[in-house]
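Structure record follows, encoded as C-alpha cells.
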Amino acid sequence: MITYEYPLNERIRTLLRLEDLFERSRHFIALTDPHDHHMALLTLFEILEVASRADLKSDLLQELERQKQVLLSFRNNPDISEDALAGVVKDIEQAAAALFAMTGKIGQYLRENDWLMAIKQRTGIPGGACEFDLPSYHYWLHRPSEERTGQLAAWTGPLYPLRDGTAIILRILRESGKPQAHSAAQGTFQQMLGGKTAQMLRLRLDPTDPVVPEISANKYVLNIRFMAQNGDDPRPRTADWDVGFELTFCNL
C-alpha cells in the first residue's frame, strides 16, 4: 500500500518536512560518493531553514510534556502494558531533555561557520557550486570519504534532538486514528466533518491503482479527487472509475 499524509495545520506540516529531511540526510551521509555528500550538505541547509521557526523547540517541548501526562494517566490500566508504557515515557523524557539542552538559536553554530554559509549562499544559485566558484569546496569534496562523513555527522548531530522529538510526536499522531475503508465513486469523494477535529489525514492506496489523491479540507468538509496517472496522456484528469482507499483521521 502507498500511504499519503496530508497535514491539516502548519505545525504538523513543519514536522513532516523535518522528518523527510532528516531521513534524506541519514541516507546521503551514509554513502561515500562526493555527489552524495553534496546532497547531504544541501539537505542540512534545508533542515536549517525549516528548523529556524522561532517557536519550533518550545512547540516540541510542550507537546512532548502533554503526551507524557496523557500516557501517565494510563498507569494501572489493566488493558495497557506497563512495560510498553514505561518505555514510551522514557523515550519522551530523553527527547525532551535533549531538546531542553539545546541552547541559543537553533543551528547558530552553522551560521557562524563562514565557509558553510558561503556554500549555502552559492548553492542557492543554479550551478553556483561549481569548482571555479568554490575551489575550497571542490577540495573538500576530494577529501577522503571518511573525513567528509565525520564532518557531516558533526554538523548534523547537534540537530538530532529535533529529529527525535519530531519522530515521537509523529509516531503518536499516526497511531491515534483508526483506518476506515471507503470508495470514491468516479474518482471523487466528499465527507462532511461535522466538527470532527484532526491534525493529519492518512490515505492508503493500492499501488496497482494508477491514481494519486488531491486533498482539500477545512473544519466543515473533506474533498478528495483521485487523478488518473497515464504515461501516454500526461494531461490531468479525474479517474473515471471507482477508487477504493483507506482513510485515517489522526489527532494528538
Is there a side-chain contact (heavy atoms from CB on, under 4.5 Å) between Leu203 and Leu201? Walk through the geometry before answering.
CA-CA 6 Å; Leu203 189 152; Leu201 302 176; over 6 Å; no

With sequence neighbours excluded, tell me which residues meet salt bridge (charged side-chain N to carboxylate O under 4.0 Å, His left out) with Arg111.
none

Test of understanding: with salt bridge (charged side-chain N to carboxylate O under 4.0 Å, His left out), list the residues that count as partners of Asp133, not counting sequence neighbours.
Arg122

Asp209 side chain to Val211 main-chain N or O, any donor-acceptor pair under 3.5 Å?
no

Can you sort out the partners of Asp240 under side-chain contact (heavy atoms from CB on, under 4.5 Å), two or more places apart, ordered by chain and number?
Gln186, Arg237

Going by ring pair (Phe, Tyr, Trp, His ring centres under 6.0 Å), name the residues that satisfy it together with Phe249, two or more places apart in sequence or in a different chain.
none

Lys120 backbone acceptor or donor facing Thr123 side chain under 3.5 Å:
yes

State which residues pass side-chain contact (heavy atoms from CB on, under 4.5 Å) with Asn218; sequence neighbours excluded, sorted by chain then number.
Tyr220, Val221

Checking Asn9 side chain against Ile12 main chain: does a donor-acceptor pair fall under 3.5 Å?
yes

All salt bridge (charged side-chain N to carboxylate O under 4.0 Å, His left out) counterparts of Asp59, not counting sequence neighbours
Arg53

Show me the pairs that pass ring pair (Phe, Tyr, Trp, His ring centres under 6.0 Å) and involve residues 180-205, at least two apart or across chains.
His182-Phe189, His182-Phe245, Phe189-Phe245

Is there a side-chain contact (heavy atoms from CB on, under 4.5 Å) between Leu205 and Val243? Walk through the geometry before answering.
CA-CA 9 Å; Leu205 282 168; Val243 179; 3.8 Å; yes

Might you confirm whether atom CZ of Phe100 has over 12 heavy atoms from other residues, nucleotides or ligands at distances under 6.0 Å?
no

Are Met200 and Leu193 connected in the hydrophobic side-chain network, where two residues link if heavy atoms are under 4.5 Å apart?
no

Could you list the residues that satisfy ring pair (Phe, Tyr, Trp, His ring centres under 6.0 Å) with Phe22, not counting sequence neighbours?
none

Restricting to pairs with a member in residues 88-99, which pass salt bridge (Lys or Arg N to Asp or Glu O under 4.0 Å), not counting sequence neighbours?
Lys68-Glu93

Sequence neighbours excluded and cut-off under 3.5 Å, please list the side-chain donor-acceptor pairs for residues 159-177, or say none.
residue	atom	partner	partner atom	Å
Thr166	OG1	Leu162	O	2.8
Arg174	NE	Glu5	OE2	2.6
Arg174	NH1	Glu19	OE2	2.8
Arg174	NH2	Glu5	OE1	2.9
Arg174	NH2	Glu19	OE1	2.7
Arg174	NH2	Glu19	OE2	3.4
Ser176	OG	Leu173	O	2.6
Ser176	OG	Asn251	N	2.9
Ser176	OG	Asn251	O	3.2

His27 side chain to Glu23 main-chain N or O, any donor-acceptor pair under 3.5 Å?
no

Show me, pair by pair, the donor-acceptor contacts under 3.5 angstrom made by side chains of residues 38-47, not counting sequence neighbours?
residue	atom	partner	partner atom	Å
His38	ND1	Tyr137	OH	2.7
Thr43	OG1	Met39	O	2.8
Glu46	OE2	Arg24	NH1	3.1

Could I get the full list of side-chain contact (heavy atoms from CB on, under 4.5 Å) partners for Glu147, not counting sequence neighbours?
Arg143, Pro144, Gln151

So, does Gln229 use its side chain to make a donor-acceptor pair with the main chain of Met227 at under 3.5 Å?
yes

Measure the acute angle between the ring planes of Trp115 and Trp140, then classify it against the limits of 30° and 60° as parallel, tilted or perpendicular.
perpendicular

Output yes when a side-chain donor or acceptor of Tyr6 lies under 3.5 Å from a complementary backbone atom of Glu214, and no otherwise.
no

Leu99 reachable from Val88 in the ILVMFWY side-chain graph, under 4.5 Å edges
yes

Check for me, please, whether Met117 and Leu141 land in the same ILVMFWY cluster - side-chain distances under 4.5 Å, paths through other members count.
yes

